[in-house]
Amino acid sequence: MPCIIPNCPNVADNNFSVRCRNTNTNAHWAQNTSANLCYDHAQGGLRITVTLEPSGTGEIETIVSAPMGVPAQRVTPITNDPA
């Protein structure tokens, strides 16, 4: 898979994911995204900006991008009940 960082020639075996947990650490949801990082970018440090927008759809939509790059988008239904 290609790295989400533009012009990176490395193979990207690391999936960028997001999860929401309640206080007992059970996950409401754990979303793998369609974005992958190479080892160098995964270990080299990143600045991550998160924007949360309520949708009311019962789905998690992730859009991950890097400056000047192509966004990686994925939509997944929420199926877990963490109670």
Side-chain angles (χ1 to χ4, degrees):
M1 301 219 129
C3 185
I4 190 79
I5 305 301
N7 302 314
C8 178
N10 300 328
V11 173
D13 292 330
N14 302 288
N15 181 262
F16 186 79
S17 62
V18 183
R19 111 177 116 173
C20 178
R21 301 186 311 184
N22 49 14
T23 56
N24 69 5
T25 72
N26 288 339
H28 288 276
W29 45 262
Q31 172 72 28
N32 283 342
T33 71
S34 293
N36 291 287
L37 291 165
C38 70
Y39 179 85
D40 291 344
H41 286 115
Q43 293 294 311
L46 296 165
R47 177 177 294 125
I48 300 170
T49 303
V50 177
T51 302
L52 301 173
E53 300 176 40
S55 69
T57 64
E59 299 172 323
I60 299 299
E61 178 181 4
T62 56
I63 303 170
V64 181
S65 62
M68 306 300 290
V70 176
Q73 182 175 1
R74 183 172 182 188
V75 178
T76 304
I78 297 171
T79 59
N80 189 29
D81 181 1

Donor-acceptor pairs under 3.5 angstrom involving side-chain atoms of residues 5-21: please list them, not counting sequence neighbours.
from: N10; atom 1: ND2; to: D40; atom 2: OD2; distance (Å): 3.3
from: N14; atom 1: ND2; to: L37; atom 2: O; distance (Å): 3.1
from: N15; atom 1: ND2; to: T33; atom 2: O; distance (Å): 2.8
from: N15; atom 1: ND2; to: A35; atom 2: O; distance (Å): 3.4

Let me have the donor-acceptor pairs involving side chains of residues 41-53, under 3.5 Å, with sequence neighbours excluded, atom names and distances please.
none

Sequence neighbours excluded and cut-off under 3.5 Å, please list the side-chain donor-acceptor pairs for residues 60-68, or say none.
from: E61; atom 1: OE2; to: Q73; atom 2: NE2; distance (Å): 2.4

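Annotation: side-chain hydrogen bond (donor to acceptor under 3.5 Å, both in side chains) contacts of T79 (sequence neighbours excluded): none. Judged as a side-chain hydrogen bond (donor to acceptor under 3.5 Å, both in side chains), and not counting sequence neighbours, T25 has no contacts.
At a threshold of 4.5 Å between non-hydrogen side-chain atoms, the residues I78 and H28 do not count as touching.
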